[in-house]
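One-based numbering, in listed order, for ligands and for the atoms of each.
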Amino acid sequence: MRKSEDGKTISARLKALVALAVPLPFLIPLQSFAYPEFQQFVEQHSHRTVNCAMCHSNENGPVGDGRGQIGSLTPEEMKRLNAARLAVEPGQEIDSPILNQFGNEIIKAIGKKKFVQIKSDPARLAEALSAKNDIDGDGISDATEYLDGSDPLNKFHGDVGKLFLVNLDRFKMHIVLAIVAVLSVNYGLLHLIKAISILQSKRRAEE
Ligand SMILES: [Ca+2]
């Protein structure tokens with residue numbers, strides 16, 4: 001059993017090393033594999049704590065033996081990972097198993113080459129993403145969620161003020177109808193009270 005566990009660990013580590021050794025056209029240093037520059041920028045810009053789960057499948061990043069990490073990938077997933085790594089130019093369909101939907105969208109939108117180029121100025125990532133992209137459909141674009149440090153894959157997670165304004169705009173017709181209904185009820189009640197008052201006055205006059 002011990003031998004089997006060791007064997008599994010060694011196998012996983014070998015797979016990780018092979019994956020890291022895949023030659024990239026623009027020779028990225030291995031230390032920068034997880035690109036912490038973007039995470040650091042988001043935290044400084046948004047004043048929120050952000051982990052690797054903003055773009056990666058695993059909240060601890062791509063290196064390791066856990067779910068969505070290189071050491072646990074199947075041969076088929078390794079193929080998808082290597083295809084994503086070779087997506088130098090934008091516009092290619094990306095389905096990297098170590099990235100989540102937002103991470104894959106980034107590489108599809110700008111390509112790996114530009115992504116690596118702008119790591120020295122991570123704010124440019126927001127400019128490079130389309131203002132129309134909104135994966136979770138909460139009305140706040142993925143680019144804005146990146147700057148805000150909120151989760152672009154969770155429609156309930158976002159800047160409170162922005163979510164309020166988005167929902168106000170979305171439900172403005174419902175709000176107007178609700179106000180009209182309340183006013184109508186109040187108007188009806190006022191007239192009912194007035195009518196009752198008139199009837200009581202008439203009765204007293206007759207008595
Ligand atoms: Ca969003």
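Between Phe38 and Phe115, the ring planes lie parallel to each other; the angle is under 30°, not in the 30° to 60° tilted range.
Residues meeting the side chain to side chain donor-acceptor pair (under 3.5 Å) test with Ser96, sequence neighbours left out: none. Shown here are the ring pair (Phe, Tyr, Trp, His ring centres under 6.0 Å) partners of His191, two or more places apart in sequence or in another chain: Tyr187. In this structure, Phe164 has no ring pair (Phe, Tyr, Trp, His ring centres under 6.0 Å) partners at least two apart in sequence or on a different chain.
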Verdict with supporting geometry, Lys162 and Asp148, salt bridge (charged side-chain N to carboxylate O under 4.0 Å, His left out): CA-CA 10 Å; Lys162 287 172 186 166; Asp148 290 348; 2.9 Å; yes
task: Carefully, step by step, assess Ile107 and Leu99 under the rule side-chain contact (heavy atoms from CB on, under 4.5 Å).
output: CA-CA 10 Å; Ile107 302 303; Leu99 297 177; 4.1 Å; yes
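Excluding waters, the set of protein N/O/S atoms under 3.0 Å from the Ca ion (ligand 1) reads Asp134 OD1, Asp136 OD1, Asp138 OD1, Ile140 O, Glu145 OE2.
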